[in-house]
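Order of the sequence lines sets the chain letters (A, B, ...), proteins ahead of strands, with each chain counted from 1. No experiment lies behind these values; they were computed from the predicted model shown.
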Protein chains: 2
Amino acid sequence: MQKKNLHALMHTSTHKRSYCANFLVQQAAHRGAEKRGNMEDRRKITIADVARAAGVSNSAVSYALNGRPGVSPETRDKILQTAHNLGWQPNRAAQSLSAAKSRSIGLILDGDPSLAAVEPYFMRLIAGVTQECEKNNYSLVLRRASTAQAEVPVIEQWIASGAVDGMILTNVEAHDARFSVLVDHPDFPVVALADPSMVPHLPTLFSDDVQACSMVLEHLTQLGHKSIAHISGPENLSHTQIREKALKNMCEQQGIQYTSIATDYTSEGGTAATLELLTRYERPTAIIYDNDVMALAGLVALRKNGFSIPRDMSLVSWDDSVLCSTVSPALTSMYRDVVNAGERVTQMLLALIDGHEAPSQKEKPYTLMVRSSTVTPHHA
Amino acid sequence: MQKKNLHALMHTSTHKRSYCANFLVQQAAHRGAEKRGNMEDRRKITIADVARAAGVSNSAVSYALNGRPGVSPETRDKILQTAHNLGWQPNRAAQSLSAAKSRSIGLILDGDPSLAAVEPYFMRLIAGVTQECEKNNYSLVLRRASTAQAEVPVIEQWIASGAVDGMILTNVEAHDARFSVLVDHPDFPVVALADPSMVPHLPTLFSDDVQACSMVLEHLTQLGHKSIAHISGPENLSHTQIREKALKNMCEQQGIQYTSIATDYTSEGGTAATLELLTRYERPTAIIYDNDVMALAGLVALRKNGFSIPRDMSLVSWDDSVLCSTVSPALTSMYRDVVNAGERVTQMLLALIDGHEAPSQKEKPYTLMVRSSTVTPHHA
DNA sequence: CTGAAAGCGCTTACAG
DNA sequence: CTGAAAGCGCTTACAG
């Protein structure tokens, strides 16, 4: 039925490109062949098929395919050969059921992952995670929830259903709603991307945001800045809290004026917070933005209000995307290798799944990319 | 036991620091307690446990939980209640094995998904796909390959292992290496995100790039442009070919000078192509970029060469990210609802998996976001 | 070194 | 309306 459709479709499109034409002929031939043995073809090839073809028992096949002792070298070769010839692949569900392992790990996208400001982060993280998964023949199972709270049932399901062997926890919040499920199941492997102080009961891969803060501050104070503002992400995120506290403490210690506004990582939030800063009596001479989208928005907003950048205001962006290096003036920013973090957090999780220890680790340090948006302020 | 932990946790969390310390102590206590009943605790709850607790047979439980006839209303209620009390969740592997369905769909990230230029596209697509998956209780399995060619073994494995019930095909190329595997398995559900003319044997969800081209051209010609350049993505992508052909044809028909340079979607590529354009004898008065990263790079490069934008050159970006609306001048760009495309392509795939027809569909039309980067050229 | 058999947790005809 | 039993495809003690 389907096949007839395809046929018709193909024949009518033959004059489009001879490439298609050829393709279609092969298609047709192939389909013709298929019609015959269809019912039989449908069945997937199992270990029993291989056993029959090789003239051995199922268990011999299993041993051979899993590289275990119990078969003679010759038998093993013969089995491997016929398995390959038949195009056998282990049935995932059967393996999982038998082993009580899914060979999958889970990641839940929370908040709005299509929010421009968080897209690059998640995508890079996923790139790293999948990269490492491929190496170990694991799959990444991706699900989605609107809030940390909404992740709870997904996690419960994962644990009870055995759909994944472990998971990666991102966007940790203070008093995170997910903690209690995880505490109830201390043997479910989990690695968090968060500061250990915020997640004392789980191994974490953490970025050294405190050190990053001190790098930024050192850069700015060396240029002569005495009044600095911080336009941050959402207050309840552990990331935000750590940066906020670190910057505040350091500024106090060094006698630097410090002010901050928490916002939401969006372009609009960045614009609004920047404008709010300008209305304050004492204006800062430098602004640190918690991401690049807000930094760009700030740059544009400042210009519209007659500021020349970097002359009248120095800007630092916390995330370093192409945007920072492409825009003019290029933005000084903190670079963090998120792809690598994805790889490492996956390594840790797989170690945990394999029953090893996975002590918390530090990410590669941030790099401060000094570009054109930070200069010595007027009065200095 | 667990509850006590949580309780304690909450009570102590009144002041920040002691929260951590206390938590650890309880953790330790918890683990200690675990050592005893470990063996029993480890076992997941199965249908047999529920049956025993409810005093019925396994099959009765199965019927009740799956909402099938075969159990009396009272029995059903009792079963559902005890299942819930015990925290039963179906074991995924067992269900998959029995049903020969994984309730998962696959997506392979190819090329370099952490390439700045493709990050937003993939992330939005994934956001849409997972969104729709959640609604239908499906999972998204994500894997990674460096090229279309490298996807082939992954696809073969998926098909033979039953790891996923179907897949979404992206970044289709001319003479795509993946076609032959898919042709060999015509019953494996696949939906492509590509123009039907490039994938005659698969249902597709396609954007109307031809219409989009005509919108852009109409906008530019109405402003008075007579010479237009196109800085495109990689030549072998079906997307690129379609846009290229459409723009070329339309320009010819309307007596507009047309030139194009294929590049790689990167910022560097955009810069280089833009500069190359400037060296040509006849300069265009407007440039269409195939993505926003290149458009921004072009804007900056033009400025560095003394061009005032939009006065000396009109710019159009094909993708509309925050970048386009935030930068100054804001870039005129083509908006495409990729999240929605992700949802719809998933709907199509799930329909196919359920044995329904899934005829090719058109995406929501592009919207031309007219902003400040396109104006009437000097000489007009 | 090899084979017959039980088990993983679910579903589903098939008898009662 | 309900229960006993076989089966999905693999793994793994356990006999030979």
Side-chain angles (χ1 to χ4, degrees), chain A residues 42-80 82-83 86-104 137 157-165, chain B residues 39 42-80 82-83 86-104 137 157-163 165:
Chain A
R42 231 16 55 253
R43 275 200 59 249
K44 302 259 159 90
I45 291 153
T46 74
I47 245 181
D49 299 323
V50 178
R52 205 173 310 121
V56 297
S57 71
N58 291 8
S59 41
V61 175
S62 179
Y63 291 141
L65 292 166
N66 292 305
R68 313 197 137 227
V71 275
S72 64
E74 307 85 51
T75 321
R76 183 183 303 271
D77 283 351
K78 186 172 58 179
I79 291 171
L80 292 179
T82 60
L86 294 176
W88 176 86
Q89 289 274 14
N91 178 297
R92 269 229 155 195
Q95 272 188 329
S96 296
L97 180 57
S98 188
K101 289 281 172 199
S102 64
R103 264 198 118 71
S104 300
N137 193 27
Q157 202 198 11
W158 272 350
I159 294 176
S161 73
V164 301
D165 297 338
Chain B
M39 289 307 116
R42 232 18 52 252
R43 274 198 63 250
K44 302 255 159 94
I45 291 152
T46 75
I47 244 182
D49 298 324
V50 178
R52 208 173 308 122
V56 296
S57 71
N58 291 9
S59 42
V61 175
S62 180
Y63 291 140
L65 293 166
N66 291 306
R68 314 197 136 228
V71 277
S72 64
E74 306 84 55
T75 322
R76 186 183 301 273
D77 284 351
K78 187 173 57 178
I79 291 171
L80 291 179
T82 59
L86 294 176
W88 176 86
Q89 290 274 13
N91 177 296
R92 270 231 155 194
Q95 272 188 329
S96 296
L97 181 57
S98 188
K101 288 280 173 201
S102 64
R103 264 198 120 68
S104 300
N137 193 26
Q157 202 198 11
W158 272 350
I159 295 176
S161 73
D165 297 338

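Checking each of A:Leu65, A:Asp49, A:Leu80 against A:Trp88 for a side-chain contact (heavy atoms from CB on, under 4.5 Å) leaves exactly one that passes, namely A:Leu65.
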Give the intermediate values and the outcome of side-chain contact (heavy atoms from CB on, under 4.5 Å) for residues A:Arg92 and B:Ser104.
CA-CA 12 Å; A:Arg92 269 229 155 195; B:Ser104 300; over 6 Å; no
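Residue-level contact check: B:Thr75 touches the backbone only, with heavy atoms under 4.0 Å from sugar-phosphate atoms and none from bases.
Protein atom NZ of A:Lys78 is 13 Å distant from nucleotide atom C1' of C:dC1, rounded to whole Å. Note: CG (A:Asn91) to P (C:dC10) measures 17 Å, nearest angstrom. The separation between A:Glu74 atom CD and C:dC1 atom P is 9 Å, rounded to whole Å. Atom CZ in A:Arg76 sits roughly 9 Å away from atom P in C:dC1 (whole-Å rounding). Distance CD1 (A:Ile79) to P (C:dC1): 13 Å, rounded to an integer number of Å. Here D:dC8 presents its P atom at 13 Å from CG of A:Leu97, a figure rounded to the nearest Å. One interatomic measurement links the two molecules: CZ of B:Arg52 to P of D:dG3, which rounds to 14 Å at whole-angstrom precision. As rounded to whole Å, 15 Å separates atom C1' of C:dC8 from atom CG of A:Asp165.
Among the duplex regions that DNA chain D forms, those built from at least three successive Watson-Crick or G-U pairs under 3.5 Å are C:1-3 with D:14-16, C:5-12 with D:5-12, C:14-16 with D:1-3, ordered by first number.
With sequence neighbours excluded, the residues forming a side chain to side chain contact (heavy atoms under 4.5 Å, CB included) with A:Ala60 are A:Val56, A:Ser57, A:Val71, A:Ile79, listed by chain and number. Evaluation of the side-chain hydrogen bond (donor to acceptor under 3.5 Å, both in side chains) rule for B:Ser102 yields B:Asp165 as partners, not counting sequence neighbours. By the side chain to side chain contact (heavy atoms under 4.5 Å, CB included) test, B:Ala160 is found to be paired with A:Gln89, residues two or more places apart in sequence or in another chain being considered. Legend: residues meeting side chain to side chain contact (heavy atoms under 4.5 Å, CB included) with A:Ala100, ordered by chain and number and at least two apart, are absent.
One distance of note links OG of A:Ser72 with NZ of A:Lys78; it measures 8.0 Å at 0.5 Å rounding. We find the CG-OG distance between A:Asn91 and A:Ser98 to be 11.0 Å, quoted to the nearest 0.5 Å.
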Each nucleotide in nucleotides 11-16 of chain C should get exactly one letter: B, S or -. Can you fill that in based on protein heavy atoms under 4.0 Å?
BBB---
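Side chain of A:Ser62 to main chain of A:Asn58: no donor-acceptor pair is present (N/O by atom type, distance under 3.5 Å, no hydrogens or angles).
The phosphate of D:dG9 has neither OP1 nor OP2 within less than 4.0 Å of any side-chain N or O from A:Thr46.
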